[in-house]
Each structure stands twice: as structure tokens, then as C-alpha cells.
There are 2 protein chains.
Amino acid sequence: MPLSRQGIALAALALIDEEGLESLSMRRLGARLGVEAMALYHHFPSKGDLLDAVMEQLLDEVEIPARDAMAPLDRLRALVTRYRGMALRHPPAFILLAARRFNTERAFAFYEVILEMFADLGFDAKQAARWFRLIGNFASGSGMADVASRERIADATPLRLEHDPEQIAFPRVRAVAPHLTVQSLDAVFEFGLDVLFAALAEAAPALKGLRRRSR
Amino acid sequence: MPLSRQGIALAALALIDEEGLESLSMRRLGARLGVEAMALYHHFPSKGDLLDAVMEQLLDEVEIPARDAMAPLDRLRALVTRYRGMALRHPPAFILLAARRFNTERAFAFYEVILEMFADLGFDAKQAARWFRLIGNFASGSGMADVASRERIADATPLRLEHDPEQIAFPRVRAVAPHLTVQSLDAVFEFGLDVLFAALAEAAPALKGLRRRSR
DNA sequence: ACCTGAACACCGTTCAAGT
DNA sequence: ACCTGAACACCGTTCAAGT
């Protein structure tokens, strides 16, 4: 069975998940696939292109709720929740999504569906751009922070906030620590979504009638 | 003049800003400082520790508004704005803050001041934790996204969203592109802050009286 | 078309040695 | 205490060669 772009990208993702982002090298990946490092260059012009393929692999894991399955607001919220869920399944790989640029066709296709949801909510392009960034940046930042708290990252020092908060000299940080443990992060994330989606519902032109009726 | 931790960290930050994160190597940094790579190990046990020092250098740049200078809400908003401002001054270095873990004394000191602001707004530890993460993750995600849009990152492909949006096959992405150009990013960020701080003001126990009076 | 193997110009870090 | 220099086990990538 010869190598394929998809097969290589999947193997790269597995290697990153198991051994960390820094452990991915063309030589090690080649060894995993039973091939010399240089064989990979026949499928990807550079390591950067391989990383782009890994990013697309991650995006593909985020299932987009069908348009007729739920209301626009619920669709968007489900998507954001799944995006963070993907982050938690791939802690070391998720950094790629935040650190590298989205510039591929599949990334644009992903954006298109999200922007369609904002259009369904009645927003024009300008408002869609702003809400898209607000919610998207929150999702991206949450993914990064929650991943960092779960310490699967390479050269990880023990997380003091998690393991010995009583050792921390700052009283407010110490008091907050129990509410930012790994077990609490889901609730913290949902709280953020509650705030953002309440504001979004309030602002969405398409929900104007609904709001009046419910008052 | 012998080397110092601070001097090395500043030189490392300058090197990252000028040539990108991947260009920072112990050998190149040593060369800049007129010293062999191994001399640096006398001041930092590993490259990771050096990167932690660079992160602290970045944090030190974010000036914290004095407690008596403005109202708690304005203080917090000013701080978040300055945090993103720092990101825009150090595009390639900012990735460190999002990708690496905050686990140093100075990072905790930074958190402590922010948590004090939430306490000033009347929040208990649990609520402070949630608002801290909501606003912090938005700030962090915004910094990353805005930095990526300004394309100072290494191995940068030209940003299609910025340079030839008319080439993009997806109509909604194309329509949104003009509202996400570099010139628009400040306004997009401010929009996010408007939404978040309106909700925060609404929720803050310490502002309850003020709200009643203004109605 | 697909893969190998040697080579080039790099890495972080160890270790023993210099002053 | 502070720095050097050689060495080790790695990198990404080029290039010529094999099938």
C-alpha cells in the first residue's frame, strides 16, 4: 500500500497527539510509516504543508450540524461546543490551529458555513464579521487555555494552579484556583457561551419578532 | 559587561520580533550577544526557561492602570486593550503566551491584579473565575487572530482574505473579507469589548446601585 | 511515479576544560 | 563564576540515483 496525503496527515496527527508537537519530525514520521523521511516530500512539498494538512484533518473532525436539524442559534452553539471538544481530544495538535494561519480551501469552506448561520440570524456582512470574531476568538482562546490546563503539552512543568494552589503566594489566585480545575472547565466554558449567546440573541435581527412575543 | 538574565531575555525577544520564533536558537542568540551558545546555559538551564523569561518580559510591558486612576470597569477594559496592544507590537513572540503555559511568579502576580478588579466589581471567587476566563480567552484569542492577520509569522503564505478576497470561491467569506482587513481589526476588537463589558456591567454586584439609579 | 541514501547546514544539550 | 570548544544525537531539505 503506497503512501497517501491523507494517510500521512493522519499518522502525523497521531504522532503529535501521542508524543507532542515537537516530536513530529519528517524522519520520525517516516519511520512510523516504514519509509525514509524523504519519501514524504513526494506528497508534501514541505513540513509546513504537512502541518496544514493536519489542521484540515482537525477541522474535518468538527461535525457541522445540519441546517434543518436545529434553530440557527442552537446550530452555532453546537458548532462552537464541538470545536472546543475537538481541542480537548487533540491537546498538542490544537496549538496549530491557533498559531498557524488558516488559509486553505477547506478552512474557507468551514468559515462559509459559520457565516451562513450568522446570515440566518439576520446579520449583514459587517455585523457577521464582528460576531464571528467575538465568538470565534473566545472559542479559540478557550481551546488553548483549556488544553494548557490539561497539561499534555511538551516540556510541561507541573501546573501549580491545579496541583498545589495552597503554595501560591497570591490570595485571590489561590481562591480562584478551585474554580479553574480541569473538572470545572466545562462549566466555565458554558458560562462564557451563556453570556455570549444571550447577547447574540438580543442583537440578532431575525429574532426580533420572537423577542417581542416572549415579553 | 557580563551577560544577565534580563539582557539575554531582551535580546531573545528582539531576535524573535525581527526574525520570527523559529529563528531563535541558542547559537544565533549567543552570536548576537558576542558569546558562545553554551554561555547562555549559565543563566538559563534550558531554552524553555529562556522562553519563560521572554514571556515575563512581554507581560511586564502591559502597564496595569492604577487602582485609583479609574473605575474598576474602565481599569479592566484598559488592561485588556493594552494586552492586545502588546500582542500587536510583538506578533511572533505573542504566540508564546498562548501556546506555552503561564506558571511563573510574575504571571501569578499579573493574575492577582486582574482578580482584584473582579473583586472590586463585587464578584465572588467562582464568578470572578468565570468572567476572568471569558474575557481573558477572548483577549488571548483576539491577540492570536489579529497577529495572524498581520502576517509577521514565519513561513507565511500571502493572506488571501486580505490580499485577493475576490479570488475566494465562497460568497459569504468574500463578503465578510472587507470587514476583517487589518484596518478594521481595532473596531472589531472594540465591538467584542462592548458586548462583553455591557454584560459584565449588567452582572457586577458592585454596580447594582448605579444601574438602578440610571434607569 | 515513488522511494532511497548521502550530504549540507543547521539544532539543543552534555561534558570537560579553561580563566 | 562565567565562558569556551568539541562532541552527540538530532533537525529540514537538496540533490542525484535507483526502480
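Computed from a prediction, not measured in an experiment: that's the story for all the values here. Quick note on labels: first sequence line is chain A, next is B, and so on, each numbered from 1.
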**Q.** Distance in angstrom units between A:Leu50 CG and D:dC11 P, rounded
**A.** 14 Å
Q | A:Leu40 and A:Leu33: CA distance, side-chain angles, deciding distance, side-chain contact (heavy atoms from CB on, under 4.5 Å) verdict | A | CA-CA 10 Å; A:Leu40 305 174; A:Leu33 293 163; 4.0 Å; yes
(Q) Nearest to the B:Ser25 side chain among D:dG12, C:dG12, C:dC2, which nucleotide is it? (A) C:dG12
Q) For C:dC3, does OP1 or OP2 lie under 4.0 Å from any side-chain N or O of A:His43? A) yes
Q.
Checking base pairs now: Watson-Crick or wobble, both atom distances under 3.5 Å. What partners C:dA16?
A. D:dT4
Q.
I want to check something: taking the side chain as every heavy atom from C-beta on, are B:Phe110 and A:Phe170 in contact at a cut-off of under 4.5 Å?
A. no
Q: Could you go through the side-chain contact (heavy atoms from CB on, under 4.5 Å) check for B:Phe191 and A:Gln127 one step at a time?
A: CA-CA 10 Å; B:Phe191 171 82; A:Gln127 289 301 309; 3.9 Å; yes
Q. Could you give the CG-to-C1' distance, from B:Leu40 to D:dG5, as a whole number of Å?
A. 15 Å
Q) Taking the nucleotide of DNA chain C with the closest heavy atom to each, which residue, A:Val35 or A:Arg27, is nearer the 5' end? A) A:Val35
Q: Examine the side chains of A:Ser46 and A:Asp49 and answer whether a donor and an acceptor come within less than 3.5 Å of each other.
A: yes
Q) Atom NE2 of B:His42 to atom C1' of D:dG5: distance rounded to whole Å? A) 16 Å
**Q.** Whole angstrom value for the distance that separates P of D:dT14 from CD of A:Glu36
**A.** 17 Å
(Q) Counting only side-chain heavy atoms from C-beta out, which of C:dC11, D:dG12, C:dT4 sits nearest to A:Met38? (A) C:dT4
Q) Between atom CE in A:Met26 and atom P in C:dT4, what is the gap in whole Å? A) 13 Å
**Q.** B:Leu21 CG - C:dG12 P separation (whole Å)
**A.** 11 Å
Q | Minimum-distance nucleotide (side-chain atoms of A:Tyr41 versus C:dG12, D:dC3, D:dG12) | A | D:dG12
Q: Just compare C:dG5, D:dT13, C:dC15 and give me whichever is closest to any side-chain atom of A:Lys47.
A: D:dT13
Q: Find the distance A:Leu51:CG to D:dC11:C1' and express it as a whole number of Å.
A: 14 Å
**Q.** Distance-only side-chain donor-acceptor flag, A:Thr181 / A:Gln183, under 3.5 Å
**A.** yes
Q: To the nearest Å, give me how far apart CG (A:Leu24) and C1' (D:dC10) are.
A: 14 Å
